[in-house]
Number of protein chains: 2
Amino acid sequence: MKLKEQFNQKGLRITKQRQIVMEVVEKHKGRHLSSSEIFELVKENYSGIGLATIYRTLPLLEKMKLLSKICLDDGCVRYEPYAPKEQEHHHLICVKCGAVYEVEADLLGIEEKQIIMNNHFSTQNYMVKLYGYCKTCAEEDVV
Amino acid sequence: MKLKEQFNQKGLRITKQRQIVMEVVEKHKGRHLSSSEIFELVKENYSGIGLATIYRTLPLLEKMKLLSKICLDDGCVRYEPYAPKEQEHHHLICVKCGAVYEVEADLLGIEEKQIIMNNHFSTQNYMVKLYGYCKTCAEEDVV
DNA sequence: TACATGATGATAATAATTATCAGTATCACG
DNA sequence: CGTGATACTGATAATTATTATCATCATGTA
């Protein structure tokens, strides 16, 4: 496995805790788990885990591009398995009910990317979040 | 001023505090002020203000579409003056140095909007955030 | 001007996250 | 297969951002 090398290169160690955190997030692909949700799920397999370890592990796995951090503006940081470029997906966040939907599409056209390039911004691995109203909420509210 | 009516309609009162908060955010258009930054700035003009008032006022002004909330994923909520549709702008966030740039362009093409519509999501007043590397950081890092 | 009640300031309470530190486990090396 | 250097962990204290509480104050209508 290349993972081991990736860790060793940086003097990092592969621990049981780190492995289980990875497993849990991968198992729940499609969800957007908060740190404390991950804590609860990890405890099911490894009851001795400490919350501090969760908070230390998640940013580390993010830096290693094993997880992606997402902020859905609900007051906590969330994580999902890292998606390579080809499987990039974006989030539609309903500002009313908070529901989160995913769109698996490259939402930026070539022209738009050009605009960003012109700003000297390299959007390798970008992420788009759209705020709006989901079907249900759009019908209720006549905004 | 239509503002007064807008407040009265909902049984809300126009207070000195609310006015100064608005003034401060408008005065710093282009910046993305956090709640505590706004607190500090308001104190310069109105030293008696309480932090709780800031936290009560900002979401209220947001609901009235006088301010926009932005989350730049740095652990706090930020605000900027509300931008009507024509002046919509988006944020480029450097994941390395945290710098925030603005692009004043409609980043989603018609096709892309269609994709979103197909998901039954009405993106009236959407906001796009792009994560990536700014010029400086892209040069340092060979990602 | 007076009053009904919405708004405020001070502060206690929560919630998410970070820092500290002594004890533990990993893994390179022999 | 030890063993030791040190990275990692769990427990917990400390921070930081935000929300709730409540007595007092100020707005705007009558």
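Below, read A as the first sequence line, B as the second, and so on, with proteins coming before strands; counting in each chain starts at 1. Hydrogens, waters and symmetry mates play no part in the numbers below; they use all other heavy atoms, side chains included.
Atom NZ of K10(B) and atom P of dA7(C) are 12 Å apart (whole Å). For the pair F7(B) CZ and dT5(C) C1', the computed distance is 17 Å after rounding to whole Å.
We find the NE2-CD distance between H90(B) and E112(A) to be 10.0 Å, quoted to the nearest 0.5 Å. Between the CG atom in L66(B) and the CG atom in L60(B) there is a gap of 8.5 Å [rounded to 0.5 Å]. Of the inter-residue distances, the one linking I38(A) atom CD1 with R78(A) atom CZ reads 9.5 Å to the nearest 0.5 angstrom. In this structure, the separation between CD1 on I116(B) and CG on L130(A) is 4.5 Å, given to the nearest 0.5 Å. Once rounded to the nearest 0.5 Å, the distance linking OH of Y82(B) with CD of E62(B) reads 10.0 Å. Note: I93(B) CD1 to C134(B) SG = 12.0 Å, rounded to the nearest 0.5 Å.
Think of the region where chain A sits on DNA chain D: with heavy atoms and a 4.0 Å cut, that region ends 5' and 3' at dA5(D) to dT12(D).
No side-chain heavy atom of Y133(A) sits under 4.5 Å from any side-chain heavy atom of F121(B). For the pair K16(B) and Q19(B), the minimum side-chain heavy-atom distance is 4.5 Å or more. Counting heavy atoms from C-beta on, the side chains of L41(A) and F39(A) never come closer than 4.5 Å.
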Residues 44-55 of chain B side chain polar contacts: donor-acceptor under 3.5 Å, at least two apart:
unit_1 : atom_1 : unit_2 : atom_2 : d
Y46(B) : OH     : Q17(B) : NE2    : 3.4
T53(B) : OG1    : R56(B) : NH2    : 3.4

Donor-acceptor pairs are to be reported for all side-chain atoms of residues 21-32 of chain A against protein atoms at under 3.5 Å, with residues two or more places apart or in another chain.
unit_1 : atom_1 : unit_2  : atom_2 : d
H28(A) : ND1    : V24(A)  : O      : 2.9
H32(A) : NE2    : H91(A)  : NE2    : 3.1
H32(A) : NE2    : E102(A) : OE2    : 2.7

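Residues passing the side-chain hydrogen bond (donor to acceptor under 3.5 Å, both in side chains) test with D73(A), sequence neighbours excluded: K129(A), Y131(A). Residues meeting the salt bridge (charged side-chain N to carboxylate O under 4.0 Å, His left out) test with E80(B), sequence neighbours left out: none. By the salt bridge (charged side-chain N to carboxylate O under 4.0 Å, His left out) test, K113(A) pairs with D106(A), sequence neighbours left out. E104(B) pairs by the side-chain hydrogen bond (donor to acceptor under 3.5 Å, both in side chains) definition with nothing, not counting sequence neighbours.
Along DNA chain C, the nucleotide nearest to G11(B) and the one nearest to G50(B) differ in position, and the one closer to the 5' end is contacted by G11(B).
Within residues 51-60 of chain A, the residues having any heavy atom closer than 4.0 Å to DNA chain D are, in order of number, A52(A), T53(A), R56(A). Listed by residue number, the members of residues 12-26 of chain B with any heavy atom below 4.0 angstrom from DNA chain D are R13(B), I14(B). For residues 30-39 of chain B, proximity to DNA chain C is found at no residue, defined as any non-hydrogen atom under 4.0 angstrom from a strand atom. Within residues 41-48 of chain B, the residues approached by DNA chain C to less than 4.0 Å at the level of any non-hydrogen atom are Y46(B), G48(B), in residue-number order.
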Q: For side chain to side chain contact (heavy atoms under 4.5 Å, CB included), just list the numbers for S35(B) and L58(B), CA-CA rounded to whole Å, side-chain angles, deciding distance to a tenth of an Å, and then say yes or no.
A: CA-CA 8 Å; S35(B) 307; L58(B) 292 171; 3.8 Å; yes

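The backbone N or O of R13(B) lies less than 3.5 Å from a partner atom in the side chain of R18(B), making a donor-acceptor pair.
Shortest non-hydrogen contact noted between A83(A) and S68(A) is N-OG, 4.1 Å.
The rotation axes computed at either terminus of the helix from dT1(C)-dA30(D) to dG30(C)-dC1(D) lie 40° apart, taking five pairs at each end and rounding to 10 degrees.
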